[in-house]
There are 2 protein chains.
Amino acid sequence: MSRTRVLDIDKAVHTAMNLFWRKGYDQTSLAELTAEMGVTPPSFYFAFASKDNLFRKVVDYYASNYLAFMNEALLKPTARKVAETILFGCVEAYTRSGMPPGCLIVNNSMPCADDALEIRRELSQARDVRFKQLRKRFRDAKAAGDLPIDSDPAELARYLMSLRWGMAIEAQSGATRRDLEKIAERALQAWPA
Amino acid sequence: MSRTRVLDIDKAVHTAMNLFWRKGYDQTSLAELTAEMGVTPPSFYFAFASKDNLFRKVVDYYASNYLAFMNEALLKPTARKVAETILFGCVEAYTRSGMPPGCLIVNNSMPCADDALEIRRELSQARDVRFKQLRKRFRDAKAAGDLPIDSDPAELARYLMSLRWGMAIEAQSGATRRDLEKIAERALQAWPA
DNA sequence: GTTTAAATATAGCGTTCGCTATATTTAAAG
DNA sequence: CTTTAAATATAGCGAACGCTATATTTAAAC
């Protein structure tokens, strides 16, 4: 006994997911959310109560549709299969074509994707410089016979960079120095002879 | 031929570094910066021109004082030494006592530390849940003889989580699916037999 | 002492933000 | 048709933000 909805909730959540994924929570304004949804703020608030609440819905939606492998992994028969499922699950989830790269959760522990702030673009460039420095160093090492002939300098450089980001986040969320040392030691076991 | 400074530039940069490190660029307001520095906004702007510009100074300061190992690493004689220097350099840099945990750069590709936003705290809790699920799974595996008797379920869980964050950031900054696959494959080489 | 300009303080501008008081439309129920 | 309430739109509030126009203090130069 009322007016018919023009706001499709499911579609709106999906739209919001894309925005939050690409731009991060803070950089996605209500103006942009409502514009993309094709409604005015009161409709938005009638449907979602608050930006916070919508974000929670989005995270749930994302987790069940894009991170399902995390739960499936726990059911695998061997520990190694668990690890494989998680790692290759991430590979797929973070690089789905048509979807923003990376992880909505991580991106919203950290914004910046196509960030408006020039500073973050500069940080991103600095990351790339580091990567290229490392790659060059490992190319030289390979040329000098210090790395196997079949090793891939770019791959090794990216492996290290990736561990760096991972350790930084672990540290920030409470890992101790000993915890990080173990990660480093473990990672080095995969280093080419 | 002028008034003497009350604002100590070096000290102010250090103060700002701590704030940006802990809270992130966005969540650190000018009001907080000027309050901690003990000056009013015009003094701040006379000294630093803008918040952006101060942040740049802070990043430079941080990189040369806390990430010097990255440059030193490139000079090491072997590729393995390069890797070791970087990994253990991170361990130290990200867990210095008296300093905020984690990395100022990564934290400012991602805020949240003691973030005011409840949402981010929830995300952080969700991370912890994932970690504990994994640890439990690996404890079970160890009990079942599927993992070596000397293996550490918590360490393996954290290793995987860390790789997850790392891959997410790599993906977001442009790594391809093949790039991530290589990281995953490399990481699995360190998995206990 | 007067001048000069570097360094500070007072007060507030202009913008954007998340959000809402209020009013209006619209479909079903009677 | 009228009533009812769900769903929308208009218009704008209050707060926080980065930043600044303007005025004042203060040490060195002459």
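Since the structure is predicted, the reported quantities are computational estimates derived from the model, not experimental observations. In what follows, chains are A, B, ... by sequence order, proteins preceding strands, each numbered from 1.
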Reckon Thr40(B) touches a base, only the sugar-phosphate, or nothing at all at heavy-atom distances under 4.0 Å?
base
What contact category does Thr28(A) fall into here, base, sugar-phosphate, or nothing, at under 4.0 angstrom with non-hydrogen atoms?
sugar-phosphate
Using atom types as modelled and distance alone, determine if a side-chain donor or acceptor of Lys142(B) lies under 3.5 Å from a backbone N or O of Ser151(B).
yes
Asp52(B) and Tyr25(B) side chains, donor-acceptor separation under 3.5 Å
yes
How many whole angstroms separate atom CG of Leu7(B) from atom C1' of dT26(D)?
16 Å
Identify all pairs in which a protein N or O lies below 3.5 Å from an N or O of nucleotides 19-22 of chain D, and state each distance.
{"from": "dC19(D)", "atom 1": "OP2", "to": "Tyr45(B)", "atom 2": "OH", "distance (Å)": "2.7"}
{"from": "dC19(D)", "atom 1": "OP2", "to": "Lys51(B)", "atom 2": "N", "distance (Å)": "3.1"}
{"from": "dC19(D)", "atom 1": "O5'", "to": "Tyr45(B)", "atom 2": "OH", "distance (Å)": "3.1"}

Check whether any side-chain nitrogen or oxygen of Thr4(A) sits under 4.0 Å from OP1 or OP2 of dA27(C), and answer yes or no.
yes
Any pair counted as side-chain hydrogen bond (donor to acceptor under 3.5 Å, both in side chains), so long as it reaches residues 182-193 of chain B, sequence neighbours left out:
Asp152(A)-Lys182(B), Glu155(A)-Arg186(B)
Give the rounded distance in Å between these two atoms: CZ of Phe46(A) and P of dG18(C).
21 Å
Rounded off to whole Å, could you give me the CZ-to-C1' distance for the Arg5(A) and dA5(D) pair?
14 Å
Could you tell me how far apart Asp26(A) (CG) and dC17(D) (P) are, to the nearest whole angstrom?
13 Å
Tell me if a side-chain donor or acceptor on Asp179(B) pairs with a main-chain N or O of Thr176(B) at a distance below 3.5 Å.
yes
ring-ring contact (aromatic ring centres under 6.0 Å, His included) involving Phe88(B) - partner list, sequence neighbours excluded:
none
In whole Å, I'd like the distance from the CG atom of Leu54(A) to the C1' atom of dG18(C).
13 Å
So, Asn53(A) side chain and Phe48(A) main chain: donor-acceptor pair closer than 3.5 Å or not?
yes
Considering only side-chain heavy atoms of Val39(B), which listed nucleotide, dA9(C), dG18(C), dT26(D), is closest?
dA9(C)
Please give the nucleotide sitting opposite dA23(C) as a Watson-Crick or G-U wobble pair, both distances under 3.5 Å, or none.
dT8(D)
Whole-Å distance, Asp8(A) CG to dT8(D) P, equals 11 Å
Between P of dA6(D) and CD1 of Ile9(A), the distance in whole Å:
15 Å
Quick one: pull up CZ in Arg177(B) and CZ in Arg96(A) and give me the separation to the nearest 0.5 Å.
8.0 Å
Nearest-Å distance, CD (Gln27(A)) to P (dC17(D))?
15 Å
